[in-house]
Amino acid sequence: MIEKDPDMDRVLDRIAGCGTYEWHVLENRLVWSEGLTKLYGLRQPPSAERSFLQLVHPGDRIRIEAEISSFLETGDSYEHEFRIVRPDGHVRYIHDRGTIERDADGRARLLHGLNVDVTRAREIQAMEQEARLGTARGIGFYEYDVAQAKPWWSEEMFQIFDLPPEWDLDLDRLTEERVHPEDRARLRGLQKTAHRRLGPFEIEYRFFQRDGEVRWIRDRGETVGPLDPASGQAWRIRGTITDITESKRTDPSTPAGSETFRQVIEGAPFGICVIDAEFRLVQVSAGGAKAFGGITPLIGCDYRELLRAIWSEPFVSDVIARIRNTLDTGKTYRDLLAQEHRRDRDADETYAWTLEQIRLPDGLPGVACYFYDLSDRTAQEAALRESEERLHLSHEAANMGAWDFDLASGNVVWTPLLYKLLGLDPATPSSTDLFFEMIHPDDRETVEAELVRSIETGENFDVVFRVRRPDGDIRHIAGRGRVIRYEGGRPVRMIGVVFDVTERHRMERQTRDSAERLRLVLDNAVAFIGTLDLDGRIVEANAMALETGGVGRDEVIGQLAWETYGWSYDPEVARQLRASIARAATGEVVRYDAVARTPGDGRVTVDMLLSPIINDDGSVREIVVSGFDVTEREKAKEHTEFLMREINHRAKNTLSLVQAIARQIWQTDAGEFLPRFEGRLRALAHSHDLLVKDNWNGVRLGELVRGQLAHFEDLVGTRIHLQGPRAAITAEAAQTLGMAFHELATNAGKYGALSQETGHVDIVWEVAKTANGDRRLTVCWTERDGPLVEAPTRKGFGSIVLDRLVQGAFSGEVELAYPPEGFRWRFTCSDECLMD
């Protein structure tokens with residue numbers, strides 16, 4: 001890499017028409033010298049690449065953008081030429097060359113370059129060409145603008161081809177109608193090659209005049225570069241047309257002394273030397289004299305010695321032998337491409353040679369040596385091919401194609417990459433109609449509107465749309481373009497590029513879908529989730545957090561968390577949250593239970609977790625806050641504590657009840673203590689089972705009765721009749737009434753209605769309201785159709801359970817009756833034994 005020399009920059013800056021610059025690529029920052037700013041006619045230099053490109057001539061802008069893209073890909077240096085339009089409207093030709101510095105990854109980091117104004121040189125070339133085209137007579141001159149496909153002919157061209165001056169220059173039609181069929185394919189092949197290959201060319205072919213006469217044409221010319229990196233085509237083709245019909249008919253050699261031949265030599269843009277049979281140089285063109293490096297005098301020199309002074313062996317001997325062969329045999333040699341070392345210049349140069357026998361004025365044969373210096377062009381062509389290949393690869397990678405739309409004619413030109421992007425055969429004629437046919441119907445109106453807007457306003461064309469390729473594949477395309485106007489403001493052309501952004505669109509869609517899915521997941525999570533910046537401001541919050549707080553997203557985003565509705569109700573709650581956020585901002589994970597406010601001034605207990613998100617360098621980027629509603633957990637905890645206290649209380653009550661049962665049985669019937677005690681405990685246990693089943697929330701009265709009558713299960717519904725509403729009794733009532741029903745069932749089976757097959761038992765309960773609105777439970781056990789009943793002479797433990805134990809537990813009323821037709825037990829209790 002060549003080191004930058006500040007002193008050299010200052011020297012160049014003082015030279016008129018020169019200026020230096022630096023482009024810091026990664027920052028997209030331009031630094032121009034004062035001389036360069038002055039060269040472009042500016043008061044202030046551009047600051048970035050886009051500002052510079054606006055100064056480039058519209059006709060060169062796409063090419064320059066493409067070449068810059070190619071330069072940035074690879075290489076340590078670059079060189080190209082383009083036109084600029086200064087603010088005063090003057091067009092200048094700029095030669096730009098420079099070096100590229102790259103970073104360790106190979107990316108272009110800095111471009112250091114020099115611009116030289118070469119406008120005068122290009123104007124002189126144009127004047128020389130115009131003079132050449134305007135002075136020659138009897139020879140037709142032409143030029144062909146390859147990019148625009150526009151030919152220009154001199155007046156002699158129309159005369160040679162026997163065409164009226166007003167004839168439309170349709171070259172394809174002329175080739176088809178007037179060129180001899182045997183020469184047509186060969187001419188078209190040369191034309192196709194000349195469009196893409198720099199340097200000279202020559203061809204002879206036949207054509208028909210309007211009266212049918214066949215004439216011979218010699219077409220000599222050259223293809224002028226540079227090659228367009230996008231299309232691969234040359235800039236311009238220029239040449240001469242000569243009618244050689246007479247020489248073909250009489251003598252194959254061309255009369256060197258004729259006026260026509262003299263004009264060809266004088267006007268030729270390449271080297272021509274005429275050599276006689278003694279190898280003396282008798283005539284030389286200006287281009288030939290330049291190639292000999294100032295050797296004088298040339299006319300009369302021995303051409304062999306002249307060659308030996310310039311070139312080395314064995315090249316010199318080979319050329320001399322070929323000249324001698326042409327003199328002796330008349331055989332023409334063409335396309336003798338040679339790259340040899342110039343002795344006088346100590347440099348390798350490339351030339352294309354053609355040798356042709358001619359007739360000198362004295363009637364003797366001579367040789368015309370046509371040679372073309374291709375040294376600079378060969379190097380340029382190689383560099384352009386490499387640049388084109390790099391650009392082609394970069395365009396392939398980016399799926400980029402270019403287009404040029406003539407607004408006046410409606411014609412449009414596409415680059416090969418655009419055809420490939422659209423999936424079309426490059427032989428398909430390009431047109432705006434075809435392009436719009438390929439646009440997805442849903443996007444067509446948008447693209448048309450954007451195109452009209454750009455043309456009418458002069459603003460850039462910028463739109464993303466879909467195209468449907470012939471194979472059915474849908475591609476997403478980004479189009480960019482700008483309108484070119486005449487000085488009067490009328491739009492004449494529109495140029496632009498298109499990029500395949502299908503993959504980018506797919507990734508953006510995936511990103512959107514991922515974000516939407518993440519949002520959907522977060523919004524449907526049972527947790528409260530949000531993010532905070534390091535100052536504690538809310539960046540994001542999910543639906544659960546917003547709904548629980550009774551706020552909208554716009555109400556809280558950007559607000560300090562502790563100042564929002566859910567946390568600002570209590571200074572201590574707000575202080576604790578603020579302190580926790582400060583700890584999380586230092587990288588600490590913080591977890592604690594907090595009580596937040598809900599709509600309607602409610603409260604919810606939240607298990608809070610504040611987790612810092614850490615960058616690669618260890619710094620905290622943001623804080624993720626998550627939490628779960630643990631209000632029910634806290635209620636469950638409180639309920640568990642309540643149950644433990646309740647179990648302790650109930651256990652004590654149960655033990656007291658067991659003690660009372662044991663004491664009463666022992667006092668009344670010590671002899672039958674064990675079986676009676678076991679039966680009462682089973683009745684008590686069954687009542688406990690029912691209470692456990694309903695979490696000690698009470699027992700349904702019907703289930704309690706059926707449970708205590710389990711050993712009479714087959715009689716329920718036939719001899720045992722249950723009737724009453726759905727009613728639930730408290731745990732205390734269930735324990736006591738359970739033992740009462742056990743005693744009633746046991747006595748009925750031993751002595752009462754169930755001791756005979758004819759007996760029946762009716763168990764009826766009801767819940768009624770009293771005058772003051774309280775509820776009252778009444779349970780009645782009635783036996784009938786059994787043995788005659790007599791009142792007991794003494795009260796055993798069963799009577800104690802049915803009377804005093806039940807009555808004492810509820811402060812209720814108990815009635816025992818012993819009519820002959822059957823025993824009856826009636827229990828009445830206030831609201832205290834009923835569940836809600």
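Quantities reported herein were computed from a predicted structural model and do not represent experimental measurements. We count residues from 1, following the sequence as given.
- Between the CZ atom of R469 and the CG atom of L421 there is a distance of 7.0 Å, given to the nearest 0.5 Å.
- Annotation for V463 and T446: closest pair CG2-CG2, 4.2 Å, computed over non-hydrogen atoms.
- Under the side-chain hydrogen bond (donor to acceptor under 3.5 Å, both in side chains) criterion, R824 pairs with no residue, sequence neighbours left out.
- Note: R700 CZ to I729 CD1 = 12.0 Å, rounded to the nearest 0.5 Å.
- Going from atom CG of L422 over to atom CE of M438 covers 4.5 Å, rounded to the nearest 0.5 Å.
- Interatomic distance, CG of D570 versus CG of L577, reported as 12.0 Å (0.5 Å rounding).
- A donor-acceptor pair under 3.5 Å is formed between the side chain of R453 and the backbone N or O of N460.
- Not counting sequence neighbours, E555 has no partner by the salt bridge (Lys or Arg N to Asp or Glu O under 4.0 Å) test.
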- Query: Can E588 and R583 be said to form a salt bridge (charged side-chain N to carboxylate O under 4.0 Å, His left out), step by step?
  - Reply: CA-CA 6 Å; E588 180 183 353; R583 289 166 57 193; 2.6 Å; yes
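- The two residues I581 and A561 make their nearest non-hydrogen contact at CD1-CB, 4.1 Å.
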- Applying salt bridge (charged side-chain N to carboxylate O under 4.0 Å, His left out), run through R603 and D601 and close with a yes or a no. CA-CA 7 Å; R603 299 292 184 269; D601 203 33; 3.2 Å; yes
- Check against side-chain contact (heavy atoms from CB on, under 4.5 Å), T564 and V551: CA-CA 9 Å; T564 58; V551 294; over 6 Å; no
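- Evaluation of the salt bridge (Lys or Arg N to Asp or Glu O under 4.0 Å) rule for E790 yields no partner, not counting sequence neighbours.
- In this structure R726 satisfies the side-chain hydrogen bond (donor to acceptor under 3.5 Å, both in side chains) test with no other residue, sequence neighbours excluded.
- The shortest distance between side-chain heavy atoms of I439 and R468 does not fall below 4.5 Å.
- Between D774 and K769 there is no salt bridge, since none of the side-chain N atoms of the basic residue sits less than 4.0 Å from a carboxylate O of the acidic one.
- Considering only heavy atoms from C-beta on, F499 stays 4.5 Å or farther from I477 through its side chain.
- Note that CD of E757 is 7.0 Å distant from CZ of R719, once rounded to the nearest 0.5 Å.
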- Message: Under the criterion side-chain contact (heavy atoms from CB on, under 4.5 Å), I'd like the reasoning laid out for F461 against R480: C-alpha separation, chi angles, the key distance, then a yes or no.
- Response: CA-CA 5 Å; F461 174 77; R480 305 286 187 273; 5.9 Å; no
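- Among residues at least two apart or in separate chains, ring-ring contact (aromatic ring centres under 6.0 Å, His included) pairs with a member in residues 756-792 are H721-H760.
- Contact annotation: the side chain of R706 approaches that of L722 to within less than 4.5 Å [non-hydrogen atoms, C-beta and beyond].
- Counting non-hydrogen atoms of other residues, nucleotides and ligands closer than 6.0 Å to CD of E815 gives a total above 12.
- Between the OG atom of S454 and the CG atom of D462 there is a distance of 9.5 Å, given to the nearest 0.5 Å.
- At a threshold of 4.5 Å between non-hydrogen side-chain atoms, the residues V467 and I474 do not count as touching.
- Across all their heavy atoms, D785 and T758 have their closest contact at O-OG1, 2.9 Å.
- Seen from the ring of Y565, R597 counts as a face-on cation partner, given the 6.0 Å and 45° thresholds.
- Of all the heavy atoms in D533 and I623, the pair that sits closest is O-CD1, 4.2 Å.
- Between D607 and Y592 there is no side-chain heavy-atom pair separated by less than 4.5 Å.
- For the pair V620 and L534, the minimum side-chain heavy-atom distance is below 4.5 Å.
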- Item | Evaluation steps, side-chain contact (heavy atoms from CB on, under 4.5 Å), between I763 and I720 | CA-CA 8 Å; I763 306 170; I720 300 176; 4.2 Å; yes
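- At least one donor-acceptor pair closer than 3.5 Å links the side chain of E783 to the backbone N or O of A753.
- Scanning both residues, T502 and H476, for their nearest heavy atoms gives OG1-N, 2.9 Å.
- Among all heavy-atom pairs drawn from W562 and D535, the shortest one is CH2-O, 3.5 Å.
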Enumerate donor-acceptor pairs with a distance under 3.5 Å from any side-chain N or O in residues 609-616 to protein atoms, sequence neighbours excluded.
from, atom 1, to, atom 2, distance (Å)
N615, ND2, S619, OG, 3.0

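- Side-chain contact check for V764 versus V779: every heavy-atom pair is 4.5 Å or farther apart.
- Residue-environment remark: CZ (R784) exceeds the threshold of 12 foreign heavy atoms within 6.0 Å.
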- Task: Go through the steps for M608 and D593 under the test side-chain contact (heavy atoms from CB on, under 4.5 Å), then give the verdict.
- Result: CA-CA 6 Å; M608 295 277 287; D593 284 353; over 6 Å; no
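- Between V814 and W825 the shortest side-chain heavy-atom distance falls below 4.5 Å.
- Note on R475 versus D473: salt bridge recorded, some NZ/NE/NH1/NH2 to OD/OE distance being below 4.0 Å.
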